[in-house]
Amino acid sequence: SLYVSGKTAELVVLDAETLDVRQRVELPSEEQHSAAPPVSDHILDPDKRGQLSFTGLVVSPNGQQIYLSNVNGSIKVFRVDASGAVSPSHSIALPAANAPKRSQEIPSGLAVTADGARLYVCGNLSNQLLELDLASGSVLRTFDVGVAPFDVVLHDGFAYVSNWGGPRPKAGEVAGPAGRGTEVLIDPATGIANRGSVSLIDLATGATREVETGRHTGALAVSPDGEYLVCAQAADDTLTVLETGTGAFVEKIWCRAKPSDLLGATPNALAFHPKGDRLYVANGTQNAIAVLEFDPEERGESHVLGMIPVG
C-alpha cells in the first residue's frame, strides 16, 4: 500500500500498483492520548481540523503503525491490521514551541528507530529535534539544530537533520524573521534567506555538528551502501553529497538537465534505487522526476540522465 495525505483531515490509502483509493481514514482525535482498540466505546470523535505538515509521514519498521506530522502541534498515529486495513489510533501531543508568533509546534520530518521504540521529530518552530518514547509518548531528549529543521534520517547511530534556514544567526549577522519562528540569516540586499545546513547528531553522546550545504536544504536520503548522505537544496537546484559519520563534503550535483536551463528545478524529495547507482529526484517546479546517475566515488561524474514527466 501507499499512504498519502495533504490539505484534508484524512490519511488516504492507495493500491501501490493501480493507485486506486482503498481507504480514506479520518485523523484520530487530539484528545485521544492512548491507543484504543479498533472497536471501542472509548474512541473519541475524529480531528476535523488537523492536516499533514510540510512533510512527515512514516511507517514503523514492522508495518503496523503509521505516524503523521499534524501541523497543529501533534503526531497522529494509525494502526495497520494483518489484512492491511488502516484505522486511527491516537495523537501524541508535542511540547509548545513558544516561537515569537505561534505557541504550538509545527512538526515536520519524522524517523523511527529500527526497533520501533523511538520517534524523532523535527520541531520546525522550536529549532530542535525531539526524541519521543513511542510507548508513553513522552519526550526523552531534545537536540538544538539550525533554523527551521525540515527532514531527519537515521543511520548508524547518527541523526541527520536538514535545516531550511541554515545556522542560527549570531550577534551582528544580518537576519530577518523566519515566518512565525525565530530569525534566519538573510541576504542584506534582497532580504531573502540565503543559507541552509545539515545537523549531524551522535545519538550515543548527544554531540551535534552543523555543516553548511546550500539555500533551503530540505529532503535527505542515505545511499543504500550507507556511505553517503544526499541533501536537496531547493533554492539552488542542487544536491550536496556528504560522507556519513564525518559530514565531509563529497560533491555537488545539478538537478537541471543543464545548469544553463532557465527554468529552476526546486528539488524537494529523494529516493534511491536499491542498487544505489540511480537517484530519483522530485523537481517541483519542472513537474518531473529527474533520474540521476549516482557515482560519488568518481567526483563530478554524477549527473542527470533524463526526466520523467509527472503531474
Do [X] and [Y] touch side chain to side chain, with heavy atoms closer than 4.5 Å?
X    : Y    : result
P267 : C255 : yes
V147 : P169 : yes
F78  : Y67  : no
V161 : C122 : yes
D15  : L2   : no
L229 : V198 : yes
D261 : D237 : no
N98  : R102 : no

When rounded to the nearest 0.5 angstrom, what is the spacing between [atom1] in [X] and [atom2] in [Y]?
X    : Y    : atom1 : atom2 : result
K48  : E26  : NZ    : CD    : 4.0 Å
D115 : N62  : CG    : CG    : 10.5 Å
L27  : S91  : CG    : OG    : 8.0 Å
E10  : L52  : CD    : CG    : 12.0 Å
D277 : F294 : CG    : CZ    : 10.5 Å
S53  : N70  : OG    : CG    : 8.0 Å

Hey, are [X] and [Y] close enough for a salt bridge, meaning a charged N less than 4.0 Å from a carboxylate O?
X    : Y    : value
D47  : K76  : yes
R168 : E183 : no
R299 : E251 : no

More than 12 heavy atoms from other groups under 6.0 Å of CD on E243: yes
Over 12 foreign heavy atoms within 6.0 Å of CZ, R180: no
May I ask whether [X] and [Y] are part of the same hydrophobic cluster, defined by side-chain heavy atoms of I, L, V, M, F, W, Y residues being less than 4.5 angstrom apart, directly or through others?
X    : Y    : result
F158 : V250 : no
L134 : V77  : yes
L132 : V112 : yes

Under 3.5 Å side-chain donor-acceptor pair for N127 and T182: yes
Trace of the side chain to side chain contact (heavy atoms under 4.5 Å, CB included) decision for L14 with V12: CA-CA 6 Å; L14 304 178; V12 181; 3.7 Å; yes
Of T142, V121, I201, the residue whose pairing with L129 passes side chain to side chain contact (heavy atoms under 4.5 Å, CB included): I201
Test side chain to side chain contact (heavy atoms under 4.5 Å, CB included) applied to E293 - qualifying residues, sequence neighbours left out: R278, D295, H303, L305
Side chain to side chain contact (heavy atoms under 4.5 Å, CB included) between L220 and L270, intermediate numbers included: CA-CA 7 Å; L220 300 174; L270 304 169; 5.6 Å; no
Backbone N/O of A97 and side chain of S126: donor-acceptor pair under 3.5 Å: no
is_close_aromatic(F272, Y280), centroid dist under 6.0 Å: no
G247 to R209 - nearest heavy-atom pair and separation: N-NH2, 4.3 Å
Derivation of the side chain to side chain contact (heavy atoms under 4.5 Å, CB included) call for T244 and Y228: CA-CA 5 Å; T244 54; Y228 303 103; 5.6 Å; no
The single option from N163, D144, T208 passing side chain to side chain donor-acceptor pair (under 3.5 Å) against S199: N163
Side chain to side chain contact (heavy atoms under 4.5 Å, CB included) between H273 and L279, intermediate numbers included: CA-CA 6 Å; H273 187 279; L279 177 61; over 6 Å; no
